[in-house]
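Everything numeric in this text was worked out from a predicted model, so none of it was measured. Sequence lines set the chain letters: A, B, ... in the order given, protein chains first and strands last, and positions in each chain run from 1.
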Amino acid sequence: MSTAALHADEHHADHHHKESFISKYVFSMDHKMISKQFLITGIIMGTVGLIMSLLFRLQLAWPDEQFSFMETLLGKWAVDGKLDPNFYMGLVTIHGTIMVFYVLTAGLSGTFSNLLIPLQVGARDMASPFMNMLSYWFFFLSSVTLLSSVFIETGPASGGWTVYPPLSALEKAMPGSGLGMTLWLSAIALFIISSLLGGINYISTVLNMRTKGMSMNRMPLTIWAFFFTAILGLLSFPVLLGAALFLIFDRSFGTSFYLSDIYLEGVGALENIGGSPVLYQHLFWFLGHPEVYIILMPALGITSEVISCNARKPIFGYTAMVISLMGISFLSFIVWGHHMFITGMNPFLGSVFMILTLIIAVPSAVKAFNYLTTLWKGNLRFTPAMLFSIGLVSFFISGGLTGIYLGNAALDIQLHDSYFVVAHFHLVMGSAAIFGMFAGIYHWFPKMYGRMLNNTLGYFHFWLTFISAYLVFFPMHFMGLAGVPRRYYQFTLVKEFDVWMDVNVLMTVGALIGGFAQLFFLYNFFYSIFRGKKATQNPWNSNSLEWSAPVERIHGNWPGEIPTVYRGPYEYSRPDRELDYFPQYEPDESAPEVLETKKTKTSPAEKEEVESSVFFAAIKKVFGLS
Amino acid sequence: MKSVKVKEPKYPVSPSKLNLWLFMLASSMLFAAVVSAFIVHRPDAEGRSAWTAFDLPIYFLYSTLIVIASSVTVYLAYRAAKNDELNQNKNFVLITAILGIMFCVSQYMGWSRMVDLNLTFVNARPEDISASYVWVITVLHFVHIVGGIILLLAAWIQSIRLNIHKKKMVLMSVTHTYWHFVGVLWFFLYLFLYFAQ
Amino acid sequence: MALTVITPVIALAADVIEPPKEQSIANWDWVAILTWLLVLLVILVIARAFDIGALTEKITGKKVISWNNINAWVAIIFLIAGLAGVWYELVYHGKYLMLGNAASAHGGTYDSMFYWTFGFTFFVFVVTEVLLFYFMFKYRYNENRKAHYYFHNNKLEIIWTIVPSIVLTFLVLRGFTTWSTITGELDKESEEIEVFAYQFGWKARYAGDDQVLGYHNVNFISGTNPLGIAETNAVNELVAELEGEIDKLEGLQESEGDSIKAWSTRWDRMKSTGLFRTYPEDFKTLDEKVHDGMSGAYGRQLEKDIKRKKTALRRIAEYQKDKDFFNGTANDDKVTTEIVLVKNKPYVFKFRARDVIHSAYMPDFRVQMNCVPGMPTQFAFTPTMTTAEAREVKENNEYDYYLFCNKICGAAHYNMKIKVTVVESEAEYNTWYASQAPFVAPTTAETSEPAVEEVAPAADSTQVVIDNQVAFNK
C-alpha cells in the first residue's frame with residue numbers, strides 16, 4: 001500500500017544509477033526510503049487506530065444510540081448499530097497496541113531515526129542497510145498480522161494493550177483471548193525483532209559513523225534522543241520477548257508460568273498451579289515503562305531541534321538537555337513498579353518505586369523550563385512544525401504534572417485505572433508524542449519528498465488538533481477524580497456516573513473534531529507528495545547537517561565527500577554574524593566554535609548575572625510584580 | 001554509487017562487530033529476564049509448596065566442560081588466523097564446530113534424562129514449574145549455540161577457501177567473540193541453575 | 001452434556017457473537033456517507049481558497065495574511081479560553097469529585113495528600129502554560145529583530161533543578177507517610193470479610209457466629225459452593241459429582257467410534273436429502289462434530305476433561321486427608337450478595353478471585369486492591385460515613401456506595417459491581433445479618449463438631465503466607 005504512494009517520487013527523484021522498482025521502492029536498503037516506508041505504514045496504522053478510538057468514543061457518548069453505519073462497517077460486531085461489548089474491548093486493546101507500538105514507536109522512532117541519524121551525523125547510510133530493510137519488513141508483517149486479527153471470527157485480542165494473564169492466557173476467559181490473542185502475540189514478537197534490528201543499527205550508526213568533526217557534543221538533540229531511545233529499546237524489548245514467550249508457552253503448550261488456582265467455565269479448577277500472574281506484570285512493565293520514554297524521547301528530540309530552529313535561538317542548556325535525557329533513560333528502568341502499586345506488592349517496595357518515580361519529575365522539569373527559556377526572547381517563526389512543537393511542550397507540562405499524582409503510591413490507590421490515568425498518558429505520551437511526530441513530518445517533509453507541505457492547511461490541522469486533544473483529555477482528569485473506572489463499555493448502568501454523560505458527549509465531540517482535523521493532514525500529506533511546492537535546499541534556514549544534502553535525495557546522501565562539521569548545531573542568531581544562522585557544515589575557521597565560551601572567558605560571573613537578572617525582570621514584568 | 005571515487009571515512013570499529021556486541025547485549029537482556037523471572041517466581045511458588053527442586057542431569061556438567069574446551073580452541077583458531085597460520089586456523093575452527101555439535105548432543109542427552117525423570121517442559125505434575133524454567137533457559141541457549149555453529153561452519157568454509165587471514169579477520173573475529181559469548185553465557189547459566197535449584 | 005464438552009469455545013462464542021447480518025446497499029447509511037463527502041469537499045474548497053490567496057500574494061507582492069500574527073493571537077485566545085475552561089470544570093464538576101468527603105478513616109489523610117500535590121502542580125501548570133503562550137505572543141517573528149543569543153546559564157539551570165527537587169522531596173516524604181499510614185499496622189480488632197471476584201460479579205463472605213472465616217480452596221468450587229468453601233458435605237457432593245462425570249466421559253470415550261459413525265451417517269443423510277438447507281444451524285453443529293470426531297479433537301478433548309477432573313479429585317483427596325482443613329469453621333459462614341458495614345468499625349477485606357485478575361475499587365472509601373487468582377490480597381479500612389450521610393452530602397437520595405471492578409476482566413467488566421452499605425449502628429447491622437443464611441443450615445451445624453476456637457483467625461485460608469502478598473496491611 002505504501003509503495004503506490006511512494007511511486008510518485010520517481011518523477012523528481014534524480015537517481016544516478018539504475019534501480020528496479022522492487023529494489024527502489026519495496027526492498028529498498030536506502031535509509032531515506034525505509035524511513036518513508038515506516039512513515040506511511042505508521043500513518044495508515046494511525047488512521048486505523050484513530051478510527052477505532054472514534055468508534056468507541058461514539059459508544060461512550062451515546063450508549064443507547066444505534067448507528068447504522070457501524071453495522072455496515074463492523075457487521076456482526078455491531079448488530080443494529082450497537083457496538084458489542086467484546087468488540088469494544090477489542091477496539092480499546094487494538095487502539096492501544098497500534099498507537100503505542102505501531103504509530104508512536106515504529107512510526108515515530110522508525111521514521112525519524114532512519115531519516116535523520118545518517119543525515120545528521122553525516123553517514124552515507126545505516127551501519128547495516130540490509131538489517132534496516134529487514135527491520136521494516138518485520139514491522140510490516142507485524143502490522144499485517146495485527147490488523148488481520150480484527151477480521152477473525154472470535155475478534156481481536158481484547159484484554160487491554162497490556163494483555164495481563166490469566167485473562168489473555170485462557171481462551172475461555174473471553175473470545176478475544178483465542179486466535180486473536182495468538183495473532184497479537186505473533187505480531188508483537190515480530191515487532192520486537194523489528195525494533196531490535198532497527199535499534200542495533202541506530203546505536204551502531206551513531207557511535208561509529210559520525211562524520212569528521214561531529215563529536216558527541218556537537219550532535220543535534222534529535223540524535224541524542226534517538227540514541228537513548230534505541231538503547232532503551234535494545235535493553236527492554238528482549239524482556240518483553242521473554243514475557244511474551246512465557247505467555248505463549250502457557251497458552252499453547254500448557255505450562256503454568258502465569259497460571260494458578262483458576263476455576264473457569266464450570267468444569268472444575270484448571271490443572272495449572274504454582275504460576276504467578278504478577279510475574280507477567282513485572283516483566284511487562286520492565287519493558288512497559290521504558291516504552292513510554294521510547295515513545296516520548298524522539299518527540300522531545302524533534303521538538304528541541306524544531307523549537308531552536310524556528311525560534312532562531314540556540315537551544316537553552318544543551319548539556320542539561322542531554323543529561324536530563326540520560327537521567328530519564330536510566331531512571332525509566334527502575335520505576336516499573338509504579339504500575340503495580342495495588343497488585344498487593346510489598347508496601348516497602350511500593351515506597352521505593354514511589355521515590356524513584358518522582359525523581360523522574362526533576363529531569364522532566366528541567367526540560368520543560370529549558371524549552372520555555374529557549375522561546376524567551378526568541379524570534380518565533382510559526383511554521384506548523386513550530387506550532388506542533390509548542391503544543392508538545394504544553395502537553396508535556398500538563399500531562400507530566402499529573403504523573404506526580406500517579407507516581408505517588410498513596411494517591412495511586414484511588415487513581416489507579418481510573419480515567420485520571422487515561423488523561424495522564426494520553427496527554428503526556430499520546431498527544432505529546434504524536435505532536436512531536438507531526439512536528440517532525442512538517443519540518444522534514446522537504447527532506448523526504450523534496451516538496452513543501454501547505455502551511456495554511458497545517459495551521460488548521462494544528463489548531464483543530466490541539467483544541468480537540470485538550471477537549472478530549474482534559475475533562476478525563478475530573479472523571480478520574482470522581483472515581484470513574486476506565487475500560488468501561490458504558491456508564492449508564494451506574495447512576496453515580498450519570499453526571500458524566502455530558503462530559504462524555506463533550507469528549508466525543510472533541511474526538512470527532514480531532515478526527516476531522518486529521519483529514520487536513522492526510523490531504524495535505526498525500527497531495528504535497530505529488531503536487532506540493534518544490535523545496536529549496538535549506539527551506540528553514542536550519543543549521544544541521546541534513547540540509548547540506550541535495551534536495552534530490554541521492555543514494556549515499558551527499559554527491560561528493562561527506563561535509564565536515566565545524567561547530568554545534570544550535571548557533572542561531574549569533575551577534576557577530578549577519579545571517580541569523582550558522583550551519584554546522586559551513587567552514588569558517590576564524591569564527592570561534594561557540595561564541596559564548598569566548599565571551600565568558602572575559603567575565604563569566606558578570607555575564608551570568610546580567611542574563612539571569614534580565615530573565616527575572618521579565619518574569620516580574622509578566623506578573624506585574626515590579 | 002556515484003560517490004565511489006571520493007574519499008570515504010574510516011569507521012573506528014567494524015560495523016558488524018559493533019552490531020554483534022549490541023546483539024549480545026540484547027540477548028543477555030533476554031536471559032536476564034528469564035533468569036529474574038525464575039528468581040522472582042521461586043519464593044512465590046514455594047510459598048504455595050509448588051516448586052520441585054531437583055538435581056540437574058550430569059550431562060549439563062559435561063556440556064559445560066565441552067563449552068570451556070571449545071572456548072580454548074576457538075581462541076587458538078583466532079590467534080592462528082591473526083598470525084596467518086591458515087592451516088591451523090582451519091583445523092581449530094573445525095574442532096570448535098565439532099565440540100559445538102558435541103555440546104548439542106550432550107544437551108540432548110540431558111534433556112532425555114529430564115524426560116526420564118518425568119521433568120518435562122509441560123509439567124506432568126503441575127508443581128514441577130522449576131523444570132519448565134530449566135527447559136526454557138536451556139532451549140533458548142541452544143538456539144544461540146546453533147547460531148554459533150552456523151557461524152563456525154561458515155568460518156570453516158571461508159577458511160578452506162583461504163578467505164580468512166591477517167587482513168580479513170571480520171568473520172573470524174565475529175565468530176570468535178560470539179562463540180565466547182555463548183560459552184560464557186552457558187557457564188553462568190549452568191552455575192545459576194546448579195546453585196538456584 | 002457431550003456437546004458442551006466438545007465445543008465449549010463455540011458454545012461460548014455463540015453466546016456473544018451473533019451471526020453476520022445480510023448487508024445490502026439499501027441499508028447503508030447514506031446520510032452519513034454524504035455528510036463525510038461534504039466534509040471532504042469543504043476541505044478541498046478551503047485548501048483551494050488559500051492557494052488562491054497565496055497566489056494573490058505572489059502576484060501583488062503584498063502580504064494579505066500574516067499567519068505569524070494570527071497564530072500568535074490564536075495562542076492568546078486559546079490560553080484565555082483554556083484557563084476559563086479549567087476554571088469552569090473545577091467549579092461545575094467540583095462537587096461531583098470524590099475529594100473532600102471521603103467515607104473512610106484514611107480518606108482524610110489521602111485527601112490532604114492530594115490537596116498538597118494539587119496545590120503545587122496546579123501552580124506550576126498555570127505559570128508554565130501562561131508563560132508558554134505569552135512567549136508565543138510576545139516573541140512572534142519580526143524581521144527587524146534578532147533573537148537573543150542565549151546559550152545557557154548555569155545558575156538558572158541549577159535553580160530549576162534544585163527547586164523541583166525540594167518540592168518533590170516534600171511530596172515524596174508526605175506520600176511516604178500517607179502510604180505507610182494506609183498500608184500500615186493492621187488493627188487487631190478488625191473484622192475480616194472475604195470479597196470474592198468472578199466473571200462477572202462479586203460475593204462477600206462473613207465469618208458467621210464463630211467469627212472465623214473457614215478455609216477454602218479453588219478445587220472445591222462447584223455449583224452449590226461457588227466460593228469453594230471447605231465444608232465436608234459440599235465437598236463430598238462435588239467428589240460424587242466429579243466421579244459421575246468421569247464415568248460418563250469414559251463411557252463417551254468408549255463409544256467414541258460409534259458416535260462418530262452415527263454423526264457421519266446423519267451428516268450423509270442430511271446432505272443427500274437436502275435437509276442441510278432447511279436446518280443450516282443444526283447442520284453446522286453436526287458438521288463441526290463430524291470434523292472434530294474425524295480429526296481426533298473430540299477424543300482429545302474427552303481425554304483432557306477426564307484428566308482435569310481426575311486431577312481435581314486427586315487434589316481434593318489430598319485436602320480431605322487434612323482434618324484441620326475441614327474443621328467446621330466454614331459451616332456458619334454467610335455468603336452474601338451485598339456488603340453491609342458498620343460505621344467506625346475497622347474492617348479488613350480479604351480479596352480472592354476465581355478466574356482472572358479483577359480489582360476491587362471503592363472510590364468513596366479510597367480503597368483499591370487487585371484480586372488475583374491464586375494470590376490472596378487484602379486491604380484494611382474503617383468506614384466513617386453511613387450511606388444515609390453520604391446521600392445527604394451528595395444531595396442525592398438514591399446514592400449508594402459500590403465496589404466496582406477496575407481491572408479489565410471481560411465483556412461484562414462494566415457491569416461488575418456490588419453494593420456496599422454502611423449503617424449507623426450494630427443493631428441495624430444485626431437485623432440484616434440475621435436475615436442472611438449461613439452456608440450450612442443451623443441444624444447441620446449443631447451436629448457437626450463445635451467450632452474450633454483455638455484455630456488462629458487464619459488470614460488466608462490456603463496455606464503458607466507469602467510475604468509479597470500479605471505484607472500489605474500487616
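- Contact record, B:His41 with A:Phe257: CE1-O, 3.1 Å, taken as the closest heavy-atom pair.
- Annotation for B:Arg113: atom CZ does not count as buried by contact number, only 12 or fewer foreign heavy atoms lying within 6.0 Å.
- Side chains of B:Asn19 and A:Ser128: a donor-acceptor N/O pair is absent below 3.5 angstrom, by distance only.
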Working for side chain to side chain contact (heavy atoms under 4.5 Å, CB included), residues B:Val136 and A:Leu245: CA-CA 9 Å; B:Val136 170; A:Leu245 273 181; 5.6 Å; no
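- The contact between A:Leu283 and chain B is made entirely by side chain atoms (from C-beta outward), counting heavy-atom distances below 4.5 Å.
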Should B:Leu30 and A:Val239 be marked as a side chain to side chain contact (heavy atoms under 4.5 Å, CB included) after you check the CA-CA gap, both sets of side-chain angles, and the distance that decides it? CA-CA 5 Å; B:Leu30 177 61; A:Val239 179; over 6 Å; no
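- Looking at heavy atoms from C-beta onward, B:Pro15 lies in side-chain contact with A:Asn208 at the 4.5 angstrom threshold.
- For B:Asp55, the CG atom counts as loosely surrounded, since its 6.0 Å shell holds 12 or fewer non-hydrogen atoms of other residues, nucleotides or ligands.
- Atoms CD1 and OH, on B:Ile129 and A:Tyr258 in that order, are 10.5 Å from each other to the nearest 0.5 Å.
- A pairwise comparison of heavy atoms in A:Phe286 and B:Met29 identifies CE2-CE, 3.7 Å as the closest pair.
- Contact of B:Phe31 with chain A is not made at all, since no heavy-atom distance falls under 4.5 Å.
- Ranked by heavy-atom pairs shorter than 4.5 Å toward chain B, the options A:Thr205, A:Thr255, A:Asn557 are led by A:Thr255.
- Contacts of A:Ile200 with chain B are made by both backbone and side-chain atoms, with heavy-atom separations under 4.5 Å.
- Within 6.0 Å of atom OH in B:Tyr194, 12 or fewer heavy atoms from other residues, nucleotides or ligands are found, so the atom counts as exposed in its surroundings.
- Shortest non-hydrogen contact noted between B:Ala26 and A:Leu196 is CB-CD2, 4.2 Å.
- By the 6.0 Å contact criterion, CZ on A:Phe333 is enclosed, its count of non-hydrogen atoms from other residues, nucleotides or ligands being greater than 12.
- Heavy atoms of A:Ile231 lying under 4.5 Å from chain B are absent altogether.
- B:Val122 and A:Phe253 get closest at one heavy-atom pair: CG2-O, 2.9 Å.
- Interface remark: A:Phe237 contributes no atoms to any contact with chain B (heavy atom separation under 4.5 Å).
- With a threshold of 4.5 angstrom between heavy atoms, B:Val13 approaches chain A through its backbone and through its side chain.
- For chain A, no part of B:Ser16 is nearby; none of its heavy atoms comes within less than 4.5 Å.
- In terms of heavy-atom pairs under 4.5 angstrom with chain B, the leader among A:Ser236, A:Gly233, A:Gly242, A:Ser204 is A:Ser204.
- Interface summary for chain A: among B:Tyr133, B:Phe23, B:Trp135, the most heavy-atom pairs under 4.5 angstrom belong to B:Tyr133.
- Residue with the most contacts toward chain B among A:Leu207, A:Ile203, A:Leu235, A:Asn201: A:Leu235 (heavy-atom pairs, distance under 4.5 Å).
- Within 6.0 Å of the OH atom in B:Tyr75, the count of heavy atoms belonging to other residues, nucleotides or ligands does not exceed 12.
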